[in-house]
Amino acid sequence: PRKHKVTVIGSGNWGTTVAKLVAENTREHPDVFEEDVQMWVYEENVTIPADSPHRAAAGDQPLKLTEVINKYHENVKYLPKVPLPPNVVANPSLLDAVRDSSILIFNLPHEFIGNICKQIKGHILPFARGISCIKGVTVTEDKVELICEYIGETLGIYCGALSGANIANEIANELWCETTIAYNVPPCDSRGENGESGVNGEHYRDARGAISKTQLAPVPQEYPPVDHDVLHKLFNRPYFTVSMVSDVVGVSLAGALKNIVALACGFIEGHGWNMTAKTAVMRRGMLETIQFCQEFFPETVDEMTFWESAGWSDMIVSCTSARNWRYSKMAVERGVSLQEIERTELNGQKLQGISTTKEVMSFLKARGVQDKYPLFKAVEGIVDGTFEVKEIPVLFRQQ
Ligand code: NAD
Ligand code: 13P
């Protein structure tokens, strides 16, 4: 029997955290997974921080981030002070990192996924399966696509989604939380009575419930099937409770759209309003999120998903303690743009809400339905400087 080789594509704050927890699990399930977990790192030079215990040995000269991670087992730039298991192997070569991997975990800011897929297309196992931990959408011409849908179609594989109320630094420090994984085992991966694999070239139902154009190669019989049980083994930890569902639309869009609402909550708080105002915005934001899912993915979205970690829990945590909230609050308090804050305060980390707002609004405008989403529209206006935070209550009077 073969074991699944796992690669995490991305090594930011969340990418590194997920690599850590997955690597803990590959060690615990040596019958299912190869122990080493490849982590593709967008290579850059870093200087070990002055307060780091590695500073004395490493000195103050710039070093390659991959070399630092592999030598000191710490991502000193994106997840400082968190020891990584030695079986997380940082790799600066994308093609080398994905070679022969049967499970690919996509975990980087959504604006980079197009370029990544272009590079690895044709260089991955044809029967690889994906999980996207990315919170965002791709908008091409007049189409909005889930990130996992985009990955699956571009690479010719099946890809599910992981999303939840997950602050990377908390999970990296093993503070308990929940998450949601949405994954529909493709028909060709369900095993026959003797464990035999499905037929080459089978199709599956896509996120819109239609038969996909993608012809899948089944996961070969020598490998354990990639099903809910195997994915649970890969991601569930005592401090990270995984709930498996099949609604990839609800899980993906709740995770993407809450970043717009989180910006609104930061603006509200930066303006001087407090929790009561924020809960009004969260309620309105969740209504617009559900409306968006029902308007554009009516066939498959399940309203119960909004009661999963990927739904209300993520909305609440993102609007009270995540980066999009924290730094949009700071932008209003300092009277500077969000882009400026991202550049000066985030040390390379990204605010997904800025581009998601623009992408979602461009899609809604192309269809002439932007006025049905007053909160999303207001956030775009505030980011662009054409709408003032103090005008937000007007949106509610008009309902
Ligand atoms: P991050 O914002 O911490 O880091 C940015 C990453 O982008 C770095 O790894 C950097 O090397 C990389 N990068 C920069 N330029 C690049 C390029 N040209 N090509 C490829 N990569 C490049 O990233 P993150 O927090 O790991 O976020 C990844 C995804 O996870 C996002 O969609 C985010 O919404 C989601 N997420 C984050 C958290 C969290 O708490 N951080 C929690 C849940 C979900
Ligand atoms: P931020 O990217 O705003 O930190 O959000 C993290 C997150 O997704 C919380 O669930």
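Ligands are counted one by one from 1 in listed order, and the atoms in each one are counted from 1 as well. Worth knowing before you read on, the calculation uses all heavy atoms, side chains too, and leaves out hydrogens, waters and symmetry mates. Starting from 1, each residue takes its place in the sequence as its number.
When Thr356, Asp314, Asn324, Asn259 are each tested for a side-chain hydrogen bond (donor to acceptor under 3.5 Å, both in side chains) with Lys135, only one passes: Asp314.
Residue-level proximity to ligand 2 for Ser318 is carried by the side chain, the only part with a heavy atom below 4.0 angstrom. Under 4.0 Å from ligand 2, the heavy atoms of Asp314 that appear belong solely to its side chain.
Annotation: atom 2 (O) of ligand 2 to nearest protein heavy atom, Arg323 NH2, 3.0 Å. From the protein, the heavy atom lying nearest to atom 8 (C) of ligand 1 is Tyr78 CZ, 3.5 Å. Scanning the protein heavy atoms around atom 7 (C) of ligand 2, the nearest turns out to be Lys258 NZ, 3.3 Å.
Taking a 4.0 Å cut-off on heavy atoms, Arg323 registers as neighbouring ligand 1. The closest approach between Ala262 and ligand 2 stays at or above 4.0 Å for every heavy atom of the residue. Residue contacts with ligand 2: Gly164 is included, with a non-hydrogen atom under 4.0 Å away. The closest approach between Pro109 and ligand 1 falls below 4.0 Å for a heavy atom of the residue. Contact annotation: Gly136 has no heavy atom less than 4.0 Å from any atom of ligand 1.
Distances below 4.0 Å separate heavy atoms of Ala322 from the following atoms of ligand 2: 1 (P), 3 (O), 4 (O), 5 (O), 6 (C). Every atom of ligand 2 with a heavy atom of Ala165 under 4.0 Å away is listed here by number and element: 10 (O). Atom numbering of ligand 2 starts at 1 in the shown order; those under 4.0 Å from a heavy atom of Lys135 are 7 (C), 8 (O), 9 (C), 10 (O).
At least one N or O atom of Ala168 sits closer than 3.5 Å to an N or O atom of ligand 1. Taking distance alone, with nitrogen or oxygen atoms compared against 3.5 Å, Asn259 stays at or beyond that limit from ligand 1. Geometrically, ligand 1 and Asn13 share a nitrogen or oxygen pair separated by less than 3.5 Å. Ligand 1 has an N or O atom lying under 3.5 Å from an N or O atom of Gly12, backbone or side chain. Here's the thing with Ile116: none of its N/O atoms is less than 3.5 angstrom from an N/O atom of ligand 1.
More than 12 heavy atoms of other residues, nucleotides or ligands lie within 6.0 Å of CZ in Arg55, so this atom counts as buried by the packing criterion.
Cluster membership check: Leu263 shares its hydrophobic cluster with Leu253, using side-chain heavy-atom separations under 4.5 Å among Ile, Leu, Val, Met, Phe, Trp and Tyr.
Proximity of Glu303 to Gln294: side-chain heavy atoms (C-beta onward) are separated by under 4.5 Å at one or more points.
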